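So the structure is just underneath, and the comments pick up after that.
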Amino acid sequence: MSRQRATRTGALTRAFFEQPVVDLARALVGRQLVRRCGAGWITGRIVEVEAYGGEGVDPSAHSFRGPTPRCEVMFGPAGHAYVYATQGRCFCVNVTAQGDAGGKAVLLRAVEPRVGLELMRERRLLRLGDGPTRRELLAGKDHQLARGPGRLCVAFGIDRTLNTVDLTDGDGPLYLAAAEQDAAPRLAWSPRVGLNPTSASFDWCWRAFDRDSKAVSAAPGEHFRGRRGPSPRRCPARAG
DNA sequence: CTCACGATCAGCT
DNA sequence: GCTGATCGTGAGG
């Protein structure tokens, strides 16, 4: 899978992103997310993602009913950022997949911090009151800095101004780079987080995560009010 | 216009 | 571990 040529900055090339969306999801786990901040950098290792199947395929994709001003970028070329505000409080960042097929993208759900921890901590703390979450970060639980799609965007300074940016541009504000040399993650697959467990698409195991990372976020069904989903083991583990 | 929605935090049990 | 408050956008009346 490492036939992608590294550029000067190590940015992944367009061909990498032009894969079927579930394949792209699999391939993204273990790669590095790189955020340029002025003279400095923030980087981390992607440990959890979700594939979204696009127009007419996936009822939980923003693109299901076709392009809207919000999700338009999902209908463009592969390898661009789709950043949206989830009901106000947070942003989420997605990576667009094969551009000709209509609205397919991979949501980045969690990252293990590598470089720029101080800046990430500063950004997270800026938005917190004096509660348990603040105390956790001050106690050195760095795996919590970018655990979850909204927290990831806060830690990396990702907001709607980065919507549509080209993630293959190693000179840009945000891009994706090759994995560290050691890291072939042990992958597991599960239903996506936050779906109603009674919905048909709950059975699609389109969430991929690194079984060995503490930075992986919620279990499937955890955020769905009032009900617990079936165990992830119900999903056949797919070959990594 | 109203309504539903998802991720997070704080506060409580 | 659970619950309520909160926010911006899209969809429906």
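These numbers come from the heavy atoms of this one structure, side chains and all, not from hydrogens, waters or symmetry mates. Since this is a predicted model, take the numbers as computed values, not measurements. Chain A is the first sequence line, chain B the second, and so forth, proteins listed ahead of strands; every chain is numbered from 1.
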State whether A/Arg134 places a side-chain N or O below 4.0 Å from either non-bridging phosphate oxygen (OP1 or OP2) of B/dA10.
no

Does the pair A/Lys214/A/Glu112 count as a salt bridge with the N-to-O cut at 4.0 Å?
no

Please give, in whole Å, the distance from B/dC9 C1' to A/Arg123 CZ?
20 Å

Crowded around A/Arg14 CZ? As in, over 12 foreign heavy atoms under 6.0 Å?
yes

The nucleotide from C/dA11, B/dT8, B/dA7 with an atom nearest the side chain of A/Arg151 is B/dT8

Heavy atoms under 4.0 Å, any strand shown: does A/Thr133 hit a base, just sugar-phosphate, or nothing?
sugar-phosphate

Find the distance A/Leu145:CG to B/dC9:C1' and express it as a whole number of Å.
16 Å

Nearest-Å distance for atom pair NE2/P, residues A/His62 and C/dG8:
16 Å

Let me know the distance between OH of A/Tyr84 and P of B/dC5, rounded to the nearest Å.
15 Å

Checking B/dA7, B/dC9, C/dA11 against the side chain of A/Thr68 (C-beta onward), the nearest is C/dA11

So if you build clusters from Ile, Leu, Val, Met, Phe, Trp, Tyr with side-chain heavy-atom gaps below 4.5 Å, do A/Leu125 and A/Leu145 land together?
yes

Taking OH from A/Tyr52 and C1' from B/dG6, how many angstroms apart are they, rounded to a whole number?
10 Å

Can you identify which nucleotide, out of B/dA7, C/dG8, B/dC9, has its nearest atom closest to the A/Arg160 side chain?
C/dG8

Where the side chain of A/Asp210 meets the backbone of A/Val47, is there a donor-acceptor pair that is under 3.5 Å apart?
no

Kindly compute the distance separating OG (A/Ser201) from CZ (A/Arg192), expressed to the nearest 0.5 Å.
5.5 Å

Nucleotide nearest A/Arg70 (side chain, heavy atoms from C-beta), chosen from C/dG10, B/dA7, C/dG8
C/dG10

Atom CD of A/Glu136 and atom P of B/dC9 are separated, to the nearest Å, by 9 Å

Quickly work out the A/Glu48 CD to B/dA7 C1' distance and round it to whole Å.
13 Å

So what does A/Arg135 touch, heavy atoms closer than 4.0 Å: a base, only the sugar-phosphate, or nothing?
nothing

Quick one: is A/Arg147 getting a side-chain N or O under 4.0 Å of the B/dT8 phosphate, OP1 or OP2?
no

Mind calculating the distance between CZ (A/Arg127) and C1' (C/dC7) to the nearest angstrom?
10 Å

